[in-house]
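Worksheet for the structure shown next.
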Amino acid sequence: MTSSRKTLLWLQAGSCGGCTMAALEQGGAGLFAELRGLGLDLLWHPSLSEATGDEVLSLFERIETGAQKLDILCVEGALLRGPNGTGRFNRLSGTQRTLLDLSRSMASHAEMTVAVGSCAAFGGVPAGDPDPTDACGLQYDGAEAGGVLGAGWRSRAGLPVVNVAGCAPHPGWIVETLGALAAGDLGPDDLDALGRPLFFAGHLAHHGCSRNEFYEFKASARVLSERGCLMEHLGCKATQAIGDCNQRAWNGGGSCTHAGFACISCTSPGFEAARNTHVTPKIGGIPVGLPLDMPKAWFMTLAALSKSATPARVRENAEADRLVVAPKRAK
């Protein structure tokens, strides 16, 4: 009888390890129990597994010879192509083999390949200017298709690289993607144009934000300690950023905007290039970054109407660091 369980290998390339730290938060029983429950057997993880040295090299060899099946490959971190395309900036400890070469090889043997985090997906922080390591993602170099595998690359299962973008991604995005792949429930039509699973990429970070009442009335905070909307003055990109960040709790509760920090659109390619992230760029007093699905003329018209109708309670609370006026029935 053939086992229905799937095997998973996790590699870390140019990475801070934050995506692994995020994944560890998933589920009350812990990551390993979550994976077991999804029918996934973790072959090896560089930070979490006990195996090391020759044991790990032997595992890689068995995968490459076909003696060990590999269903899902996860790569965390950017692929460092330097110097001069050799990849030698990032090598397996104690060997001359590069993560660039190993990632390509493992991807060719895996049924499905997942880029965990924006670094593995698009290059992320390691690819930020001036990028001395020539970092990129598995199938994207910034927003341009290609990366180390090539724009037309497809896994054995016929999928492009599945990009669980984010810096770091929500733990649910990671584990739910792995579960869907293990169950055969994630196909090409379930990904957006950048390979991100639609179950989270079909939302904006703005959806569910606790500051939405302030956004609707364009009642804006002017400093980070205030409760108002962070878009107009403080650089928040939640109306442009994909992700259901404000619809599910992070680490037991909260999100970036809930904590008073502007969304930096970390699920998007090129987010690392942003400067003055706590300042909204404007032209003639009008924010440059507007909601993805709203024409500028509509936004300006609605903003003017909203501001003219802003209740005094909302306006006062927006520029306070706590609730100062509670809702009450109008006289």
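Since we're looking at a predicted model, the values are computed, not measured.
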(request) Scan for side chain to side chain donor-acceptor pair (under 3.5 Å) pairs involving residues 313-327, sequence neighbours excluded, and state none if there are none. (result) Glu213-Arg313
(request) With sequence neighbours excluded, tell me which residues meet side-chain hydrogen bond (donor to acceptor under 3.5 Å, both in side chains) with Trp250. (result) none
(request) Could you tell me which residues satisfy side-chain hydrogen bond (donor to acceptor under 3.5 Å, both in side chains) with Ser265, sequence neighbours excluded, listed by chain and number? (result) Ser268
(message) Apply the hydrophobic cluster definition, ILVMFWY joined by side-chain contacts under 4.5 Å directly or through others, and give me every member besides Leu100.
(response) Leu9, Leu11, Leu43, Trp44, Val56, Leu57, Leu59, Phe60, Ile63, Leu70, Leu73, Val75, Leu79, Leu92, Leu99, Leu102, Met106, Leu138, Val148, Leu149, Trp153, Val161
(message) Checking one residue: Leu230. Which other hydrophobic residues are in its cluster under the side-chain 4.5 Å linking rule?
(response) Leu224, Leu234
(message) Is there a side-chain contact between Cys245 and His170 in this structure, where contact means two heavy atoms from C-beta onward sitting under 4.5 Å apart?
(response) no
(request) State which residue, out of Ile72, Val114, Val116, fulfils the side chain to side chain contact (heavy atoms under 4.5 Å, CB included) condition with Trp10. (result) Val116
(request) List, by chain and number, the other hydrophobic cluster members for Phe217, where Ile, Leu, Val, Met, Phe, Trp and Tyr join if side-chain heavy atoms come within less than 4.5 Å, directly or indirectly. (result) Phe214, Val314
(request) Look up atom CZ in Arg196 and atom CG in Asp190, then write down how far apart they are to the nearest 0.5 Å. (result) 15.0 Å
(message) Between Leu24 and Leu48, is there a side-chain heavy-atom distance shorter than 4.5 Å?
(response) yes
(request) Keeping to residues at least two apart or across chains, list the ring pair (Phe, Tyr, Trp, His ring centres under 6.0 Å) pairs with something in residues 105-148. (result) Phe122-Tyr140
(request) Provide the full list of salt bridge (Lys or Arg N to Asp or Glu O under 4.0 Å) pairs with a residue in residues 239-249, sequence neighbours left out, each pair given once. (result) Glu176-Arg248, Asp244-Arg248
(message) For Ser220, give me all partners under side-chain hydrogen bond (donor to acceptor under 3.5 Å, both in side chains), at least two apart in sequence or on another chain.
(response) Glu232
(request) Could you tell me which residues satisfy side-chain hydrogen bond (donor to acceptor under 3.5 Å, both in side chains) with His206, sequence neighbours excluded, listed by chain and number? (result) Asn212
(request) Scan for side chain to side chain donor-acceptor pair (under 3.5 Å) pairs involving residues 115-124, sequence neighbours excluded, and state none if there are none. (result) none
(request) List the steps, then state whether side-chain hydrogen bond (donor to acceptor under 3.5 Å, both in side chains) holds for Ser155 with Glu111. (result) CA-CA 6 Å; Ser155 71; Glu111 287 295 311; over 6 Å; no
(request) Check which hydrophobic residues are tied to Val324 through side-chain heavy-atom contacts below 4.5 Å, counting indirect links as well, and list them. (result) Val325
(message) Quick one: does any side-chain atom of Asp192 pair with a main-chain N or O of Gly195 as donor and acceptor, under 3.5 Å?
(response) yes
